[in-house]
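Taking it in order: structure first as structure tokens, then the write-up.
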Amino acid sequence: MSITRKILIVEDEPDIVRLVEYNLRRAGFSTESANTGVDALKKLRTKHYDLIILDLMLPEMDGFELCRIVKNDRTISVIPIIMLTARGEEVDRILGLELGADDYITKPFSPRELVARVKAILRRVEKGYSSSEPEEVIRKGDLEIYTSKFKVYKRGLPLEVSVREFRLLLHLATHPGRVFTRERLLDEVWGDEVYVEPRTVDVHIRRLREKIEDNPSSPRYILTKRGAGYYFTEEE
Ligand code: CA
């Protein structure tokens with residue numbers, strides 16, 4: 001399943017907007033346009049976009065100014081920018097790239113080249129995201145624990161677990177076979193919340209079992225070591 005990427009075109013010349021929109025839509029992207037920097041900022045701060053095509057020559061606020069604002073606003077600064085302009089001098093190109101633009105295309109441009117550059121930048125960005133934050137999945141029996149998303153699936157279906165239950169499950173599952181006392185779990189999962197009774201651990205274990213186990217009274221994953229504490233099964 002592929003997700004449609006949304007591109008914001010910031011340009012005041014309707015003919016150029018139409019040309020860019022036509023070609024990007026034909027290539028499978030969704031597009032919106034803004035004809036001033038102010039309009040663009042309003043859209044950028046209220047909706048999600050995957051890339052900005054930014055004309056340099058705009059009324060009121062020019063493309064350099066808008067680029068600087070976007071790159072200094074942490075909520076939108078990750079959105080890649082392709083600058084589009086009739087001015088092709090070296091100095092503009094360098095200034096644009098220094099301000100954080102990802103690419104630069106001069107008018108007149110070939111629509112095919114524009115589409116190719118958009119695709120190249122999105123690929124680069126997506127690759128960057130996935131290699132910098134690998135999603136670790138821990139698989140135990142029918143369970144899949146997505147460590148950075150705080151999500152647990154059982155036979156492919158999402159389970160509704162609280163953050164605390166998730167952390168408890170993750171802690172146990174990453175130390176299979178090791179028995180944890182209630183006190184130790186309080187220390188390692190609840191941490192600095194010192195006013196929690198050991199009984200709280202039992203309550204959370206029971207709730208977790210109700211969610212992850214087929215038969216909570218005869219658990220397969222989280223087991224009890226009588227007189228000691230709890231441990232996660234060593235069986236895969
Ligand atoms: Ca313009």
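Indexing begins at 1, ligand by ligand and atom by atom, following the structure's order.
Asp55 contributes OD2 as its N, O or S atom closest to the Ca ion (ligand 1). Glu13 contributes OE2 as its N, O or S atom closest to the Ca ion (ligand 1).
Taking the six-membered ring where the residue is Trp, the centroids of His175 and Tyr231 are separated by 6.0 Å or more. The ring of Tyr230 has its center no closer than 6.0 angstrom to the ring center of Phe180.
Taking OG1 of Thr147 as the reference point, atom CZ of Arg167 lies at 13.0 Å (rounded to 0.5 Å).
Geometry at the Ca ion (ligand 1): OE1/Glu11 and OD1/Asp12 form an angle of 70°, nearest 10 degrees.
Between the side chains of Ser30 and Arg5, no donor-acceptor pair of N or O atoms lies under 3.5 Å.
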